[in-house]
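Structure first, commentary second.
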Amino acid sequence: MEGPLQEPGEKEGQEEGAAAASGRPAGVPEAKKCSDADSDSDQETEAGARKPGELGKDTLYLRSCRAHSVVPASCFLRQGSAPELSLRHRGLGPQGARALARALTSNPYIKRLDLRDNGLCRAGAEAVAGALSRSCSTCDVDLSENHLGTEGARAICAALAVSPAVQRVQLAGNGLEEQAAQCLAELLLAHTGLKSLDLSYNQLNDQAGETLGPALAENTGLTELNVSWNHLRGLGAAAFARGLEANIFLRVLDISYNGCGDSGASAVAEALKTNNVLEELYMSNNRISVAGALSLGLGLRVNQTLRILAVSRNPMRSEGCCSVLKSVQANPQSALELLDFSDIQVNREFDDLASSVKVILPGLCIKTGARRVEYKKELLAVFTPSE
């Protein structure tokens with residue numbers, strides 16, 4: 001039996017009452033309820049709505065994140081066709097790296113990949129290595145501070161060896177020791193397109209130096225190498241320097257904070273006698289005494305390409321600094337533009353010698369510890385309380 005008929009005015013009144021109870025304006029239809037699955041589907045569609053190619057990339061990443069139980073990185077979803085992807089300090093971990101790696105293989109736009117400080121460890125490094133080995137566009141990779149270890153470094157080096165597009169790699173602060181030196185040496189020999197390599201803040205010791213030295217000698221292509229803050233000392237430093245002597249491509253070398261000592265300085269001096277390519281050499285805080293400074297001077301007497309030499313914070317005293325300056329003074333073909341003796345106490349004899357050297361080389365800048373004192377005086381004025 002049919003219910004009683006409702007008058008039009010009565011029906012409208014009921015609708016207005018229901019709208020008021022639900023908190024929505026009258027006349028606006030009630031929204032349909034959607035399931036979690038529909039919400040995920042909408043998120044995937046919105047994430048990649050720009051272009052068909054991006055839809056596949058973002059959808060793949062979201063699904064991969066769910067499969068690995070990790071939170072998606074919103075900046076990757078906003079990446080679009082931008083050439084740089086920076087995910088540093090995101091705490092991705094191995095699982096996050098696995099989820100990201102699947103999506104990286106379908107993104108042809110990324111040229112610079114920055115994953116610094118994400119705790120990737122060995123498993124994450126292997127996942128990223130798989131993506132790099134299939135990439136044809138990435139040319140700059142930063143995997144510093146990721147606890148890669150020997151096995152992680154081996155996976156990354158193997159991938160880079162078959163990635164000719166990569167030109168710049170940063171592996172600083174990964175706890176790399178002598179066991180990792182072999183795969184690094186193989187990378188130097190295999191990848192002729194690599195231009196810049198950062199191995200600073202690791203634990204590469206004398207054995208590592210003996211392994212890397214011959215590879216550096218045979219490398220063809222690398223123009224910038226940073227091995228500062230390692231443990232290259234004694235025989236290892238000497239072996240590494242002999243590699244510099246034979247290298248004809250490297251233009252910038254940073255071996256600061258290694259404790260190379262006088263033997264390392266002597267080996268570097270021998271390299272400077274024959275190397276006609278190196279332009280910048282950083283040797284700060286390497287335990288170089290007066291004897292080591294005298295050795296460096298012998299190389300500077302004949303070198304014609306070095307523009308920057310930094311030997312700050314070495315115990316060479318004013319006597320050692322003077323010996324370096326006298327060698328530069330005796331070389332009319334010297335190309336030096338900057339000599340950094342910061343934090344080394346010098347005397348009046350050095351100041352007089354520096355003045356005479358500048359007459360010969362007016363473009364030469366000589367830095368000493370005196371500027372540091374002047375800077376402190378400026379700071380004191382800032383913190384003077386007002387009366």
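With a 6.0 Å radius and a threshold of 12 heavy atoms from other residues, nucleotides or ligands, Leu364 has its CG atom above the threshold. By the neighbour-count criterion of 12 heavy atoms within 6.0 Å, atom CZ of Arg233 is densely surrounded, having more than that number from other residues, nucleotides or ligands. Remark: His147 NE2 is loosely packed, at most 12 non-hydrogen atoms of other residues, nucleotides or ligands lying under 6.0 Å away. Counting heavy-atom neighbours within 6.0 Å of Glu279 CD, excluding the residue itself, gives a total above 12.
With a 4.5 Å cut-off on side-chain heavy atoms, Asn226 and Leu199 do not count as touching. No side-chain heavy atom of Val359 sits under 4.5 Å from any side-chain heavy atom of Val357. Within the 4.5 Å cutoff, side-chain heavy atoms of Val311 are placed close to those of Phe341. In this structure, Thr105 and Arg134 have side chains that are in contact, with non-hydrogen atoms separated by less than 4.5 Å. Looking only at side-chain heavy atoms (C-beta outward), Tyr282 and Ile255 stay at 4.5 Å or farther from each other. Contact of the Pro83 side chain with the Tyr109 side chain is not registered, since no non-hydrogen atoms from C-beta on lie closer than 4.5 Å. Contact annotation: the side chain of Ile308 never approaches that of Leu339 to less than 4.5 Å [non-hydrogen atoms, C-beta and beyond]. When side chains are defined from C-beta on, Val277 counts as touching Arg251, because their heavy atoms get closer than 4.5 Å.
A pairwise comparison of heavy atoms in Leu250 and Leu253 identifies CD2-CB, 4.0 Å as the closest pair. Of all heavy-atom pairs spanning Ala241 and Ala267, the tightest one is CB-CB, 3.5 Å. When every heavy atom of Leu87 is checked against every heavy atom of Arg90, the shortest pair comes out as O-CG, 3.0 Å. Closest non-hydrogen pair, Ala99 versus Tyr61, comes out as O-CD1, 3.7 Å. The two residues Ala165 and Cys136 have their closest heavy-atom pair at CB-O, 3.8 Å. Contact detail for Leu187 and Cys157: the closest heavy-atom pair is CD1-O, 3.9 Å.
We find the CG-OG1 distance between Asp351 and Thr368 to be 7.0 Å, quoted to the nearest 0.5 Å. One finds the CD atom of Gln345 at 10.0 Å from the SG atom of Cys321 (value rounded to the nearest 0.5 Å). Interatomic distance, OH of Tyr257 versus CG of Asn285, reported as 5.0 Å (0.5 Å rounding). Distance CZ/Arg116 to NE2/His89: 7.0 Å, rounded to 0.5 Å. Taking NZ from Lys273 and CG from Leu298, the interatomic distance works out to 5.5 Å, rounded to the nearest 0.5 Å. Between Leu300 atom CG and Gln329 atom CD the span is 13.0 Å, to the nearest 0.5 Å.
The pair Arg313-Asp343 meets the salt-bridge criterion, with a side-chain N (NZ, NE, NH1 or NH2) lying under 4.0 Å from an Asp/Glu carboxylate O. A salt bridge between Glu245 and Arg242 is absent, with no side-chain N of the basic residue lying under 4.0 Å from a carboxylate O of the acidic one. Ion pair Glu280/Arg307 flagged as a salt bridge, since at least one NZ, NE, NH1 or NH2 atom sits closer than 4.0 Å to an Asp/Glu carboxylate oxygen.
Between Arg168 and the options Asp114, Asp142, Asp198, Asp140, a salt bridge (Lys or Arg N to Asp or Glu O under 4.0 Å) holds for only Asp140. When Asn314, Ile288, Asn286 are each tested for a side-chain contact (heavy atoms from CB on, under 4.5 Å) with Cys260, only one passes: Asn286.
Of the possible donor and acceptor atoms, one in the side chain of Asn230 sits under 3.5 Å from a partner among the backbone N and O of Gln203. In this structure, the side chain of Asn303 engages the main chain of Thr305 through a donor-acceptor pair within 3.5 Å. Distance alone, capped at 3.5 Å, is enough to place a donor-acceptor pair between the Asn331 side chain and the Gln333 backbone. With Ser135 contributing its side chain and Ala131 its backbone, the two residues share no donor-acceptor pair below 3.5 Å. Not a single donor-acceptor pair under 3.5 Å links the side chain of Asp254 to the backbone N or O of Met283. A donor-acceptor distance shorter than 3.5 angstrom exists from the side chain of Ser356 to the backbone of Leu353, with no hydrogens or angles considered. Counting only distance, with no hydrogens or angles, the side chain of Ser69 and the backbone of Cys65 share no donor-acceptor pair below 3.5 Å. The backbone N or O of Asn146 sits less than 3.5 Å from a side-chain atom of Asn174, completing a donor-acceptor pair. With Ser200 contributing its side chain and Ala172 its backbone, the two residues share no donor-acceptor pair below 3.5 Å.
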Exercise for the section: Evaluate the side chain to side chain donor-acceptor pair (under 3.5 Å) criterion for residues Ser312 and Ser284: first the C-alpha distance (whole Å), next the side-chain angles of each, then the deciding distance (0.1 Å), finally the verdict. Expected result: CA-CA 5 Å; Ser312 60; Ser284 299; 2.7 Å; yes
Exercise for the section: Test Asn275 against Leu306 for side-chain contact (heavy atoms from CB on, under 4.5 Å), laying out the working first. Expected result: CA-CA 9 Å; Asn275 186 295; Leu306 194 66; over 6 Å; no
Handout entry: Audit row: Leu232, Asn205, side-chain contact (heavy atoms from CB on, under 4.5 Å) steps and yes/no
Key = CA-CA 5 Å; Leu232 299 175; Asn205 57 13; over 6 Å; no
Handout entry: Verdict with reasoning, Ile366 to Phe350, per side-chain contact (heavy atoms from CB on, under 4.5 Å)
Key = CA-CA 11 Å; Ile366 302 174; Phe350 174 88; 3.9 Å; yes
Problem - Stepwise side-chain contact (heavy atoms from CB on, under 4.5 Å) test for Leu100 and Leu92 - result: CA-CA 9 Å; Leu100 180 65; Leu92 296 178; 4.2 Å; yes
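Applying the ring-ring contact (aromatic ring centres under 6.0 Å, His included) test to pairs two or more places apart or on separate chains, those with a residue in residues 188-220 are Tyr201-Trp229.
Both Val166 and Leu115 are part of a single hydrophobic cluster, where members link through side-chain heavy atoms under 4.5 Å apart. Val162 and Val141 fall into different hydrophobic clusters, where Ile, Leu, Val, Met, Phe, Trp and Tyr residues are linked whenever their side-chain heavy atoms come under 4.5 Å apart, directly or through other members. Both Leu204 and Leu197 belong to a common hydrophobic cluster when Ile, Leu, Val, Met, Phe, Trp and Tyr are linked at side-chain heavy-atom distances under 4.5 angstrom. Clustering ILVMFWY residues whenever any of their side-chain heavy atoms sit less than 4.5 angstrom apart, transitively, puts Leu294 in a cluster other than the one holding Leu296. Under a hydrophobic clustering in which Ile, Leu, Val, Met, Phe, Trp and Tyr are joined whenever their side-chain heavy atoms come within less than 4.5 Å, directly or via other members, Leu244 and Leu309 fall into the same cluster.
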Per-pair distances, 0.1 Å, donor-acceptor, side chain in residues 208-219, under 3.5 Å, sequence neighbours excluded:
| unit_1 | atom_1 | unit_2 | atom_2 | d |
| --- | --- | --- | --- | --- |
| Thr211 | OG1 | Gln207 | O | 3.1 |
| Asn219 | OD1 | Leu222 | N | 2.9 |
| Asn219 | ND2 | Leu188 | O | 2.8 |

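With sequence neighbours left out, the salt bridge (charged side-chain N to carboxylate O under 4.0 Å, His left out) criterion links Glu84 to Arg112.
Between the side chains of Ser289 and Asp262, a donor-acceptor pair is found at a separation under 3.5 Å. Counted by atom type alone, Ser256 and Ser228 present zero donor-acceptor pairs between their side chains at under 3.5 Å.
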